[in-house]
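Below is one structure, written out as structure tokens; comments come after it.
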Number of protein chains: 2
Amino acid sequence: MTTEIKTTETTKTTESTEERILDAARKVFARKGRDGARMQEIADEAGINRALLHYYFRAKQGLFEAVFARMFEQFVRSYDTVLVPGQPFHGTLRRFIHHYIDYVSEHQDMARLIVSENLRGDSMPGELMSRAASKEGSPPRRMENAIRAAIESGEIRDVDPNQTLLTVISACIHFIVMKPLVQAMNPEAQADFAAFTEARKEHITDLLLHGLQPSEEVS
Amino acid sequence: MTTEIKTTETTKTTESTEERILDAARKVFARKGRDGARMQEIADEAGINRALLHYYFRAKQGLFEAVFARMFEQFVRSYDTVLVPGQPFHGTLRRFIHHYIDYVSEHQDMARLIVSENLRGDSMPGELMSRAASKEGSPPRRMENAIRAAIESGEIRDVDPNQTLLTVISACIHFIVMKPLVQAMNPEAQADFAAFTEARKEHITDLLLHGLQPSEEVS
DNA sequence: GTCTATATCTCGATAGAC
DNA sequence: GTCTATCGAGATATAGAC
């Protein structure tokens, strides 16, 4: 019932209180959702008092928005070095998939928060997210353009770029979101989730490249 | 703000109060999540008084568990007529995908609840779900066996059955869970989600069948 | 079985000492 | 900046009339 987390761990970093709060809030919001999260639990996780949360971020709502915006922007930026135009498609697809899975694996909190916000439908972070993702030049848009170009050049067969991109992203994130169920159904994922994750990158890349291969070629 | 639903009485369905409560609870839990849902809102949706909820289901927790168990069992059962052994693989895969998407489209509430429970990690419904899904004879297990058999018989190439099944399921459910974001990024999904859903069934079936095609054959 | 009224509790937010 | 103490809103749950 009672939470006893205490971050005795962070002895080294002279992390500012504000940073500690944001990190703690990210974890708790991801675990419990926006409503389920308790200010007390965030305070415990950050190793501070509840009143201090309100000193830094006026209200829970503000804290949540700060956490979300920060997280999402970092994710979008992480693709800057990954998607460079003019490369062969198979390498681009491989890099997109590997980076996506690497990122969500290291930031599972973020993945869960994004999904839980989408589950609600309303929500301001949803707005923010939608605008950022649908903007020209965003990672998904660039990947979509890469698919289009590859069809044009005959590197891959003629498929719906939007549907294809959605399938790739689904394959890369859903197994993290559904981790408990995936582990329950899969002894391999249960025993060593990191190994399962590595295998998953290769599986998705392989399945997609085969699935998109022009039917004339039998490489 | 206020909801006014009121079933002004016994028109056609002599639906029992208990049924009405379960239906209302399913909707509200799906919209607001387990924590965000308010007993008052469920009562309004069911057209009854708040106290009556407690008369039928002692507490919110109990109501939630009843809703969840009922929903999940119906889903599992819906596959009884879909997966029959001894059929050619491509038909089995097509039926699995089409049925999955049809079902989650008609029961989006269920899809969202399942995901939101998985996001929490703990939770008794998670337990229930995990046991049901990993049980031999469950739909996912049967589909996995079908994949194994198809590899054995040479109908498809040698892939990891677990990873493949997970990819199929991800592709079939994630776009519903992330509906707001999908719509924001996709004009087609925005304009006519039903049409987008139909197209998605074909896309996934097509992509998977190509992706699993033995490399010797070029059908 | 269904309602009104109310008890109890949890949690976000604030006041104020240090 | 950080703490203790407390207020007040809003939610679950119960008591009891009908």
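Throughout, protein chains are lettered first and strands after them, A, B, ... in sequence-line order, and every chain is numbered starting at 1.
- Taking the nucleotide of DNA chain D with the nearest heavy atom to each of Y56(A) and R50(A), the more 5' of the two is matched to Y56(A).
- Of the listed nucleotides (dT12(D), dG1(D), dA13(C)), dT12(D) has the atom at the smallest distance from the side chain of H54(B).
- Summarising the geometry, the separation between CD1 on I42(B) and C1' on dA13(D) is reported as 14 Å, rounded to the nearest angstrom.
- Note: CG (L53(A)) to C1' (dG1(D)) measures 13 Å, nearest angstrom.
- Using a 4.0 Å heavy-atom distance criterion, A37(A) is classed as a sugar-phosphate-only contact.
- Taking the six-membered ring where the residue is Trp, F29(A) and F64(A) present perpendicular rings, their angle passing 60° and hence far from 30°.
- Near DNA chain C, meaning a heavy atom under 4.0 Å away, the residues from residues 57-65 of chain A are A59(A), K60(A).
- In the set dT4(D), dA13(C), dA13(D), the nucleotide with an atom closest to the side chain of M39(A) is dA13(C).
- Ring geometry, F72(B) versus F68(B): the interplanar angle falls under 30°, so the pair is classed parallel (tilted spans 30 to 60°).
- None of V82(B), T164(B), I97(B), L83(B) except one satisfies the side chain to side chain contact (heavy atoms under 4.5 Å, CB included) rule with M143(B); the exception is L83(B).
- Both tests do not hold together for R142(B) against Y79(B): distance to the six-membered ring centre under 6.0 Å, angle to the ring axis within 45°.
- Distance from the side chain of L52(B) is smallest to dC3(C) among dC3(C), dG12(C), dT2(D).
- Ring pair Y100(B)/F96(B) is tilted by interplanar angle, where 30° to 60° counts as tilted.
- Across L212(B), D206(B), T205(B), a single residue satisfies side chain to side chain contact (heavy atoms under 4.5 Å, CB included) together with L208(B), and that is L212(B).
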